[in-house]
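In the text below, chain A, chain B and the rest are named by the order of the sequence lines, each starting its count at 1.
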There are 2 protein chains.
Amino acid sequence: MTNLTYAEENYLKAIYQLSEEGKKGVSTNDIAAEMKTKPASVSDMLRKLGEKEVIEYRKYYGVHITEEGKKFALRTIRKHHLWEVFLVDKLKFSWDEVNAVADELQHIKSKILIQRLDEYLGFPKFDPHGDPIPDEYGDVRARPRLPLNELSILDTGQIVAVKDNSSAFLKYLDKVGAYIGARIKVLEKVEFDGSIEIMVDNKKTLFMSKEVAANILIMQ
Amino acid sequence: MTNLTYAEENYLKAIYQLSEEGKKGVSTNDIAAEMKTKPASVSDMLRKLGEKEVIEYRKYYGVHITEEGKKFALRTIRKHHLWEVFLVDKLKFSWDEVNAVADELQHIKSKILIQRLDEYLGFPKFDPHGDPIPDEYGDVRARPRLPLNELSILDTGQIVAVKDNSSAFLKYLDKVGAYIGARIKVLEKVEFDGSIEIMVDNKKTLFMSKEVAANILIMQ
DNA sequence: GAATGGTTTTAGGGTTGTCTAAAAATATAT
DNA sequence: ATATATTTTTAGACAACCCTAAAACCATTC
């Protein structure tokens with residue numbers, strides 16, 4: 001049975017999360033940014049993770065996580081989220097304080113510990129940020145998805161899918177930067193025509209018609 | 001402010017505990033046995049801990065922990081014990097399952113986490129094994145001490161001091177292996193003369209008169 | 001006061017994970 | 001399609017730990 005070090009667990013979790021956002025192969029640079037490390041270090045680690053067959057690694061062509069790798073990543077994510085629930089529900093941490101501590105706690109290896117903790121917390125399905133907690137088998141109870149035009153002002157969420165898969169529509173989304181995985185926030189809704197203004201990834205604002213918004217699915 | 005790695009924290013905790021037992025300098029071999037590692041690795045680590053001034057290290061002459069080092073060790077011990085209480089009281093672990101998990105949990109760095117955990121557990125003063133938990137400032141609420149002859153059959157404890165400090169008495173204790181720090185268990189009490197039979201360190205049994213037992217102080 | 005036995009340290013090497021600097025490969029633009 | 005820019009990988013080093021084998025040291029004993 002493959003055993004991963006703390007660092008490997010962290011990398012794998014990051015790779016899984018990045019690949020869930022974009023759905024395509026994940027780049028060395030992205031991983032380096034996410035892990036706050038240098039691309040050279042990432043290359044090194046990718047080689048190791050490739051040898052352990054938790055990722056599929058083709059030099060210069062980014063990374064895909066394997067089924068085995070997903071299991072490991074989801075296990076770490078499950079532990080991270082359960083500890084977050086513990087910190088908020090039991091120890092009265094505020095939701096913005098928990099991430100750093102959970103980053104350490106997520107590596108504790110005892111399986112029975114996590115089972116007991118899960119039970120103690122009442123088998124929670126979502127963490128304090130609303131992210132779903134994978135179950136023991138790595139299954140995730142997905143949050144309901146809403147068309148973007150049904151959100152209210154100041155609502156936030158993440159683009160998880162599109163209804164219209166026409167190439168023209170996807171091309172448009174690509175151009176404006178509204179990719180799958182983007183974090184959005186509704187800044188303005190125009191009553192007259194239903195068009196909205198959103199903030200994408202806390203970086204740039206974007207206007208779109210009601211028709212476009214209706215085809216973008218948001219997970220809150 | 002000095003920062004210690006996980007391994008350094010583990011060594012320091014072991015050194016502190018060994019030095020509490022024997023009161024003299026701690027030997028490289030003893031540390032290696034305690035840490036389940038090799039003497040050569042210990043030498044390496046002692047050099048590092050010496051540089052960080054948490055121990056006083058004279059080559060070939062064993063080790064003394066410094067005041068600074070004690071603080072670190074007590075902090076780790078406090079965390080270890082608090083997590084043990086959490087595992088037993090909240091997650092329903094049995095007292096013999098907790099040590100391995102607590103060995104991992106004791107390294108989690110967040111100060112506020114430990115404060116909140118302490119509060120959540122009701123500021124416990126003793127861990128599930130009866131060992132006292134150092135407070136935030138490293139102070140330990142000592143357990144009441146009893147003369148060995150006042151224990152009952154099957155009572156357990158640890159030799160923490162002797163009343164009679166005569167060299168003859170200490171020599172005798174040394175010879176029979178009843179050193180400070182030894183774990184004892186009362187196996188038999190003879191009504192007639194008050195003499196008792198005890199198990200020392202789960203290794204060997206020992207008979208002693210009431211007079212001798214009365215001079216040995218036990219912490220339960 | 002030398003020889004012996006046990007303990008401790010040094011020397012040298014392996015793994016994990018990080019870095020900088022330079023080389024190699026890919027992507028983009030004219 | 002070739003030059004340029006960007007991304008990614010390799011090379012070489014370093015720190016933290018651990019190991020084995022050999023050397024150095026200490027404490028006895030004769």
Side-chain angles (χ1 to χ4, degrees), chain A residues 2-15 18-19 22 24-65 69 72 76 103-104 106-107 109 171 174-175 177 179, chain B residues 2-15 18-19 22 24-65 69 72 76 103-104 106-107 109 174:
Chain A
T2 318
N3 248 317
L4 301 182
T5 64
Y6 282 18
E8 286 169 346
E9 280 184 3
N10 284 334
Y11 271 91
L12 206 53
K13 179 174 165 228
I15 291 167
L18 288 170
S19 68
K24 290 170 200 156
V26 181
S27 80
T28 301
N29 258 357
D30 288 351
I31 298 168
E34 178 72 23
M35 299 288 299
K36 288 175 180 136
T37 182
K38 305 289 165 181
S41 308
V42 175
S43 285
D44 234 48
M45 183 55 88
L46 294 183
R47 188 183 43 71
K48 280 185 232 167
L49 292 175
E51 280 166 14
K52 293 196 173 181
E53 298 185 356
V54 291
I55 61 170
E56 212 181 290
Y57 176 43
R58 274 185 57 211
K59 281 179 194 173
Y60 294 103
Y61 285 94
V63 168
H64 290 269
I65 196 162
F72 279 105
T76 305
D103 272 348
E104 288 190 70
Q106 69 187 349
H107 298 296
K109 294 198 182 340
K171 209 172 231 168
D174 205 341
K175 201 168 92 186
Y179 58 93
Chain B
T2 318
N3 249 317
L4 302 182
T5 65
Y6 282 17
E8 286 168 346
E9 280 184 1
N10 285 334
Y11 272 91
L12 206 53
K13 180 173 164 229
I15 291 167
L18 289 171
S19 68
K24 291 171 199 154
V26 180
S27 80
T28 301
N29 259 357
D30 289 351
I31 298 169
E34 177 73 23
M35 299 289 299
K36 286 173 181 137
T37 182
K38 305 291 164 179
S41 308
V42 175
S43 283
D44 232 46
M45 182 56 86
L46 293 183
R47 189 184 42 72
K48 281 186 234 163
L49 292 175
E51 280 166 14
K52 293 195 173 181
E53 298 185 356
V54 291
I55 60 170
E56 212 181 291
Y57 176 44
R58 274 184 59 211
K59 280 178 194 172
Y60 295 102
Y61 285 94
V63 168
H64 290 269
I65 196 162
F72 278 105
T76 305
D103 272 347
E104 286 191 71
Q106 69 186 350
H107 298 296
K109 293 197 183 340
D174 204 349

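When rounded to the nearest whole Å, the span between NE2 of B:His107 and C1' of D:dA16 equals 15 Å. Here the P atom of nucleotide D:dC18 and the NZ atom of B:Lys48 are 7 Å apart, to the nearest Å. In this structure, CE of B:Met35 is placed 15 Å from C1' of D:dC19, rounded to the nearest angstrom. A:Glu51 has its CD atom 12 Å from the P atom of C:dG17, to the nearest Å. Residue A:Arg47 contributes atom CZ, which lies 11 Å from atom P of D:dA11 at whole-angstrom precision. Atom CG in A:Asp44 sits roughly 12 Å away from atom C1' in D:dA13 (whole-Å rounding).
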Check: protein-nucleotides 3-8 of chain D nitrogen or oxygen pairs below 3.5 Å:
from  : atom 1 : to      : atom 2 : distance (Å)
D:dT8 : OP2    : A:Asn29 : N      : 2.8

Write out a two-atom table: protein N or O, nucleotide N or O from nucleotides 1-5 of chain C, distance below 3.5 Å.
none

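The stretch residues 27-49 of chain B participates, sequence neighbours left out, in these salt bridge (charged side-chain N to carboxylate O under 4.0 Å, His left out) pairs: B:Arg47-B:Glu51. Evaluation of the salt bridge (charged side-chain N to carboxylate O under 4.0 Å, His left out) test over residues 52-64 of chain A, restricted to residues two or more places apart or in two chains, returns A:Glu8-A:Lys52.
An angle of 10°, rounded to 10°, separates the two end axes of the helix from C:dG1-D:dC30 to C:dT30-D:dA1, each defined over five pairs.
With sequence neighbours left out, the ring-ring contact (aromatic ring centres under 6.0 Å, His included) criterion links A:Tyr6 to A:His107. Under the side-chain contact (heavy atoms from CB on, under 4.5 Å) criterion, A:Asp103 pairs with A:Lys13, A:His80, A:Asn99, A:Gln106, sequence neighbours left out. For B:Glu9, there are no salt bridge (charged side-chain N to carboxylate O under 4.0 Å, His left out) partners, not counting sequence neighbours. For A:Glu104, the salt bridge (charged side-chain N to carboxylate O under 4.0 Å, His left out) test picks out no residue, with sequence neighbours left out. With sequence neighbours left out, A:Lys109 forms a salt bridge (charged side-chain N to carboxylate O under 4.0 Å, His left out) with no residue at all.
Residues from residues 5-14 of chain A lying near DNA chain C, meaning a heavy-atom separation below 4.0 Å, are A:Thr5, A:Ala7, A:Glu8, A:Tyr11 in numerical order.
Summary of the strand contacts: A:Ala40 and B:Leu46 both lie near DNA chain C, and taking for each the nucleotide with the nearest heavy atom, the more 5' one is attributed to B:Leu46.
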